[in-house]
Structure formats: structure tokens, C-alpha cells
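Start at 1 with the first residue, then count along the sequence. These numbers come from the heavy atoms of this one structure, side chains and all, not from hydrogens, waters or symmetry mates. Not measured: the values here are computed from a predicted model.
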Amino acid sequence: MIKDRDYDVIVIGAGHAGCEAALAASRMGFSTCLFTMNLDTIAQMSCNPAIGGLAKGHIVREIDALGGEMAKVTDKAGIQFRVLNKSKGPAVWSLRAQADRVLYKLEMRKVLESQQHLDIKQASVEKIIAEDGKVNGVLTSLGIFYGASAVIVTTGTFLKGLIHIGLDNFQAGRAGEFPSVGLSASLKELGLEMGRLKTGTPPRLDAKTIDFSKTEPQYGDDPPVPFSHSTEKITSPQLPCFITYTNAETHRIIRENLDRSPLYSGKIQGIGPRYCPSIEDKVVRFSEKPRHQVFLEPEGLETKEYYANGISTSLPYDVQVRLVRTIPGLEKAEIMRPGYAIEYDFVYPTQIKHSLETKLISGLFLAGQINGTSGYEEAAAQGLMAGINAGLKLKGKEPLILQRPEAYIGVLIDDLVTKGTSEPYRMFTSRAEYRLLLRHDNADLRLMEKGFNIGLISNETFKKFEEKRRLIDEEIKRLKKTRLKPSQINGELAALNASPISEDISLENLLKRPEVKYAFIKKFSPSEKSLAPGIEEQVEIQTKYNGYIIRQMELAEKLKKIEKKGIPEGFDYKSVNGLSTEILEKLQKVMPANMGQAGRIPGITPAALSLLLINIEKKKMQDKKYR
């Protein structure tokens, strides 16, 4: 074994989690090394070339508010931006962007390579070295040792990755890349319990062979809305996507070849994503549906490659060709890359703390698909939090733990740590209890101060944020104070088919009416200062939904008092009389830090929580008595 040098933080894997983790740690001033098996695939978009979407868009905005990089890079590489669910309430609005796959990874690599305190090395890490329950470095396949006080593992699908195309399979981390076998064994040697998951990808098609006239174009928003709070304008060219559908013939070909599918022949052992099933899975499970949508997404500005979103498959190549050519617009389509399924190892996430540090090994953090999640956004969020918390640990400070009412990132991590997962976890708005508080439009108001206090948000950015916050508060106060007479606005209200007013009304109460928008208010009583569209939107949302927001905040506060009741470290659950064996086992496995976490463990009953709370209080009283 040859020793090269020591770092404060080592990050293994340069996918979306690894990039955010390395940037966070190095920006906090720690010497950091990012290890990747291939420098050319840093920040590779292994699946579809898109960032954001329902709930995922919220996460990207939160990453940006905390000082992460994903939103900024997406704004530079984005080739179509759309705000989804705009016809519904603001709690479920979510931004999604198509990205130029090559431009995205080049932009992220540029950021990484220019970052101070950060080295990037192409090497395969084979072993994590730990002694006496504490990490102290890594060993590469060349026998070179690098010391570290903290190690963050972000290996994606590379741990014992196995690709399936039909009944053929081969070891790979993703198509064309070697898997990581030794590292998986090393994690098991450290005592971590591991499982097996599966994900997949559709065929990529040559645009020259697609008849787009038979498809339905879908254009982005004009002007496009950026992800990052610091991006003033999207300047890259914008492209449309295209929609088409499978049909009865497509489904017949799939059903007739299920015996050649690794998914249905027993070749694949890993559990796949419930919410993003393969096309063969959709045809079998939803047999009553006559068709399924296929979303043709451009891979970039300088390529003819298109991603056929909606027909993820691991069927043999010849079957893929036949099924693709039954789809309108794709009758002559040529497959540039076949679809495939990939199985990989993951660590059951109940073995990590909310800081993403493992409970077994001090200084060892896990982030991304290794924790059982799917999606670039979920991975990047975990990478950012792991990088932040590794840095805070080295500073001797308490970890940053985002609570469920504070961020979707908090919901994501709490779900993983408390409930665990046996299938690839995907974020949805329905997973959050406080959706009206966790909107994509107010991520900066919720989190930017935390990012600034950690040191990831610059003084300049924070000053702009403070000015935005001040202008919002001032305008809301103005709306409360300013009143209009019936004679001033009843004519305009009639034009909106709104009921007239009989007495003076404040601008605030006027804006609370569902048919009245901020533009209407501005017409009669404009602010003395010119307000940016984002500030106007924030004023309108906060005013219209103020009552609901206050109720959710009060509920969150009430629950927080109960949830915050801590459970002493090393608490003996066996001492609690009346707990069933099943509940006892679950509590001993998760070792919850507080009552809130205990209450979210699947199968923990209200009666069990009451018993637990009584015994904890009793123990506290005894401890006081004998001090």
C-alpha cells in the first residue's frame, strides 16, 4: 500500500450527488478530493436529459437556496423550461427543464475544476479504511491510500452493477462503464446491510429517422422561468419536445415476448421503481389501457439523438426495434442505443442518521442512489446535505437537519432514515404534509439564510435576497393600509364578473378575491417602487393564501413541540413494558432521535408512542433525582 496524501473530505463518485457533496465541502474551506472512475462522465445524465418536474423541481430550488450548483448549471444548459401544474394552486407548481446532456456535464465540470480546495482524480476506490468505528481513508485499485477525516460515498448504480438486455447480461456501472465490485464488498465488511434495486432506460433514437409530423409538439414557456434565484434570464436556444403513443400492436409484441424479458423470466432479482415502470411492466399491470404516452426529448442542441421517455425496457434488441416501429412517427426509427435494465447494490437507509452519516462508522456518509433513491434531484440534494454535514462535523458543530415543514429535502431524508425503502424512492408533493409552506416559489425565503450562515451563499447574493424579502414585506404592509372606494373599482369588478363592493376595501382584501390578480391591484394603486415579477408573485400568493399558510404553520409548530421531545441516546427500549416484539425490533433498528421520528416508523402505533413517551419522561425524572 502506497500513501499519497491526506484530505479533510473524500467523495467517491462524481454523479449529481458527488458533485454537490464535493462543492459543498470545498466551499466550506475543507481540502476535498472527488474520485471518479472516468473524468469524462462527471455529472453524466444517465437517464433522461431533464431536471425537475413534480416535487423534484421544488428540490432543485431548495438546493439552489442552500448554495448548491444544480439549478445554476441547468439554467446554462437548459433547452426547454416549463412550469407544470400552473392551472392548479401554487403548492403544486413545479419547474421542469430539458437539458443539453453534453453541455450540462461540461458546465458542471468547469465549476468543479475551478473550485478552490478541490482536487479531482480518476481512480477506482476499492476499499474504505476504518478503525475503531471511525473512517480514516480510502484505498484505490492501484493500492494507493488517501487519508480522510470524512468519506462520502455517492456511487449511483455502480455497486456491483449488472446490465440486462433481453436474457443477456453483463457487469457495468452504466452502459459502457465498469462497475464497482470491491467497494460493495468493503461496505458489507464494515457491517452495513445491503439490498438490490433495479432501474432502467429506454432506447435512444435517431431524429433523422423520426417523422415528427405524426407527433404532437410541446413547447416550453416563453419567456422561460429559470431554476436558480440568481439567474436573471435564460439565454440558450430553446427546443420543443414531441408526444406520441403506443397502441394495441405495440402491446401485442410486448406480451408475445415476455418470456424473453429478464424482468419476467426471473433473471432480474432487484426491485424496480413503482412510479416509473418499464413499458413491459405497464402493459402487464395496466392491461386495460389502450395506449401509453411516449415523450420524445432532444438530448441536446448539437445532436440528433432523442430520448424515448415512456418506453423504458430491457427486452431484447430485436423486440425493441419492432415495438418502437409500431409507434406513430417512429415507423422507420433507428435505435442509436438500446434500452436496458440495471441492477445494483444499495444500503438500507435506516442505517444512516439524518445528517446522512452512517450509524456504524463515524465520518462515513452516504448520498444518492446508494440510499435507495431514484432521480438526479434527490441524489443532488443528499449530496449537498452530506457535504454540508461532513464539513460541520469537522468543525465540531451540530449537523444541519432540515425539518419536514422546512423543506422537501427534509421530507426526503426523514422518509429514508425513518421509514427506509425497499424500492427506488421518488419524491412526490403528496409525501409532504405541509405543501402550502413548501412551495417552489419561496425556497429562498425558507432556506437561503441557512445557506448563508453555513458559508455557501455569497454576501452579494444574500444582500439581494434581503432586499427582495424587505420589498415583499413592505408591499404586503402597503396592501393592508391602502383602501379603495366602491366608485373607484366597481366598474372594473363588473368586467371581471366579480360581485361589487358596498364600502371601502383594503387592497389586501381585494387581492384575496379569487378573480383578482396583482396586476389588477397595480392598475389602481401601483407601488412607488418598481417590483420584479417574482416579488409581485410572492405578494399575491402570500396574500391570497395567508389564512391557509398561518393554519399550516400553527399545526407544524404544535407538532414540532411533540416531535422535538428527544429520545436519550442508547435508550433501552426493552425496559418499556407493553411494546410488541415487532415494534421493539423496529425501534431498536432505527434508533430514532426523537418522538417525531419514532412516530413515522411504519407500524409504530399511537399506543406504543404513549408508552414510549411515559417511559422517557420517567427516565428523565429518575436521572434528575440521582444527580
### Query
Between Arg109 and Leu39, is there a donor-acceptor pair closer than 3.5 Å when you use the side chain of the first and the backbone of the second?
yes
### Message
Just by distance, no angles: are the side chains of Glu280 and Thr313 close enough, under 3.5 Å, to form a donor-acceptor pair?
### Response
yes
### Query
Under a 4.5 Å cut-off applied to non-hydrogen side-chain atoms, are Tyr104 and Ile51 in contact?
yes
### Message
Determine whether a donor-acceptor pair (N or O, by modelled atom type, separation under 3.5 Å) exists between the side chain of Arg204 and the backbone of Pro202.
### Response
yes
### Task
Could you grab the distance from atom CG of Leu54 to atom OG1 of Thr429, nearest 0.5 Å is fine?
6.5 Å
### Query
Please walk me through it: do Thr246 and Gln293 pass side-chain hydrogen bond (donor to acceptor under 3.5 Å, both in side chains)?
CA-CA 7 Å; Thr246 63; Gln293 182 176 283; over 6 Å; no
### Query
How far apart are the C-alpha atoms of Glu69 and Lys110, what are their side-chain angles, what is the distance that settles it, and do they pass the salt bridge (charged side-chain N to carboxylate O under 4.0 Å, His left out) test?
CA-CA 12 Å; Glu69 201 64 31; Lys110 191 191 300 181; over 6 Å; no
#### Entry: Main-chain N/O of Ala498 paired with Arg513 side-chain donor or acceptor, under 3.5 Å
no
### Approximate separation, where rounding is to 0.5 Å, of Asn371 CG and Leu412 CG
9.0 Å
### Task
Please report the C-alpha distance between Lys214 and Glu331 in whole Å, then the side-chain angles of each, then the deciding distance to 0.1 Å, and finally whether the salt bridge (charged side-chain N to carboxylate O under 4.0 Å, His left out) criterion is met.
CA-CA 10 Å; Lys214 294 182 179 179; Glu331 293 88 349; 3.4 Å; yes
#### Entry: Heavy atoms from other residues, nucleotides or ligands near CZ of Phe178 exceed 12 (cutoff 6.0 Å)
no
### Message
Can you tell me if Glu515 has over 12 outside heavy atoms packed within less than 6.0 Å of its CD?
### Response
yes
### Task
Taking all non-hydrogen atoms of both residues into account, name the closest pair between Asn442 and Leu437 and its distance.
ND2-O, 3.0 Å
### Task
Output, in order, the C-alpha distance, side-chain angles, deciding distance and verdict of side-chain contact (heavy atoms from CB on, under 4.5 Å) for Ser236 and Lys76.
CA-CA 7 Å; Ser236 57; Lys76 289 177 181 173; over 6 Å; no
### Query
Does a sphere of radius 6.0 Å around CZ in Arg291 hold more than 12 heavy atoms from other residues, nucleotides or ligands, not counting ones at 6.0 Å or beyond?
no
### Query
Taking all atoms of both residues into account, what is the closest heavy-atom pair of Leu239 and Gly300, and its distance?
CD1-O, 4.0 Å
### Query
Are Tyr264 and Asp259 linked by a side-chain donor-acceptor pair shorter than 3.5 Å?
no
### Message
Quick check on Phe212: does its CZ atom have over 12 non-hydrogen neighbours (other residues, nucleotides or ligands) under 6.0 Å away?
### Response
yes
### Query
Nearest heavy-atom pair of Gly310 and Lys282: which atoms, and what distance?
O-NZ, 2.9 Å
### Message
Do Pro349 and Thr421 have side chains that approach each other closer than 4.5 Å (heavy atoms only, starting at C-beta)?
### Response
yes
### Message
Quick one, Gln382 and Glu20 - any side-chain contact, counting heavy atoms below 4.5 Å?
### Response
no
### Task
If a pair satisfies salt bridge (charged side-chain N to carboxylate O under 4.0 Å, His left out) and one of its residues is in residues 375-387, list it, with sequence neighbours excluded.
Lys56-Glu377, Lys56-Glu378
#### Entry: Within-4.5 Å side-chain heavy-atom neighbours: Lys304 and Thr209
no
### Query
So, does Gln171 use its side chain to make a donor-acceptor pair with the main chain of Gly161 at under 3.5 Å?
no
### Task
Output, in order, the C-alpha distance, side-chain angles, deciding distance and verdict of side-chain contact (heavy atoms from CB on, under 4.5 Å) for Leu205 and Ile335.
CA-CA 5 Å; Leu205 309 176; Ile335 292 177; 3.9 Å; yes
### Query
Can His440 and Tyr408 be said to form a ring-ring contact (aromatic ring centres under 6.0 Å, His included), step by step?
CA-CA 10 Å; His440 92 133; Tyr408 270 91; over 10 Å; no
### Query
What are the two closest heavy atoms between Tyr306 and Leu296, and how far apart are they?
CD2-C, 3.9 Å
### Query
Within 45 degrees of the axis of the six-membered ring of Trp93 and under 6.0 Å from its centre: does Lys86 put its NZ or CZ there?
yes
## Note on the structure
dist Arg260:CZ -> Ile254:CD1 (nearest 0.5 Å) comes out at 13.5 Å
### Query
Given Leu263 and Lys198, is the side-chain contact (heavy atoms from CB on, under 4.5 Å) satisfied, shown in steps?
CA-CA 10 Å; Leu263 196 62; Lys198 166 249 170 190; 4.0 Å; yes
### Rounded distance [0.5 Å steps], NE2 in His292 versus CD1 in Ile311
12.0 Å
### Query
When you look at Thr215 and Leu330, which way does the side-chain contact (heavy atoms from CB on, under 4.5 Å) test go after all the steps?
CA-CA 9 Å; Thr215 67; Leu330 308 183; 5.8 Å; no
### Query
Any donor-acceptor pair under 3.5 Å linking the side chain of Thr154 with the backbone of Ala17?
no
### Query
Distance-only, no hydrogens or angles: does the Tyr344 side chain make a donor-acceptor pair with backbone N or O of Gly156 under 3.5 Å?
no
### Polar side chain donor-acceptor pair, Thr543 to Asn546, under 3.5 angstrom
no
### Message
Would you compute the distance between atom NE2 of His229 and atom CG of Asp444 and round it to the nearest 0.5 angstrom?
### Response
3.5 Å
### Message
Rounded at 0.5 Å granularity, tell me how far CD1 in Ile163 sits from CD in Glu343.
### Response
11.0 Å
#### Entry: Derivation of the salt bridge (charged side-chain N to carboxylate O under 4.0 Å, His left out) call for Arg174 and Glu177
CA-CA 6 Å; Arg174 57 186 164 221; Glu177 296 184 63; 2.5 Å; yes
Solution key, residues 216-223 side-chain donor-acceptor pairs under 3.5 Å, sequence neighbours excluded:
from	atom 1	to	atom 2	distance (Å)
Gln218	OE1	Arg82	NH1	3.0
Asp221	OD2	Val83	N	2.8

### Message
Quick check against the 3.5 Å criterion: does Glu475 have a side-chain atom that pairs as donor or acceptor with the backbone of Ser527?
### Response
no
### Task
Locate the shortest heavy-atom distance separating Phe452 from Ile457; write the atom from each residue and the value.
CD1-O, 3.4 Å
### Task
For Arg337 and Glu305, run salt bridge (charged side-chain N to carboxylate O under 4.0 Å, His left out): C-alpha distance rounded to whole Å, both residues' side-chain angles, the deciding distance at 0.1 Å, then the answer.
CA-CA 9 Å; Arg337 307 183 205 223; Glu305 192 174 0; 2.6 Å; yes
### Query
Does any N or O in the side chain of Lys105 come within less than 3.5 Å of the main-chain N or O of Asp40, such that one atom is a donor and the other an acceptor?
yes
### Message
So which atom in Ser46 and which in Tyr376 form the shortest heavy-atom distance, rounded to 0.1 Å?
### Response
N-OH, 3.4 Å
### Task
Kindly say whether His58 contributes a backbone atom to a donor-acceptor pair with the side chain of Arg61 at under 3.5 angstrom?
no
### Message
Do Leu445 and Gln542 make a side-chain contact, defined as non-hydrogen atoms from C-beta onward lying under 4.5 Å apart?
### Response
yes
### Message
Within the 4.5 Å heavy-atom criterion, are Phe227 and Asp64 side-chain neighbours or not?
### Response
no
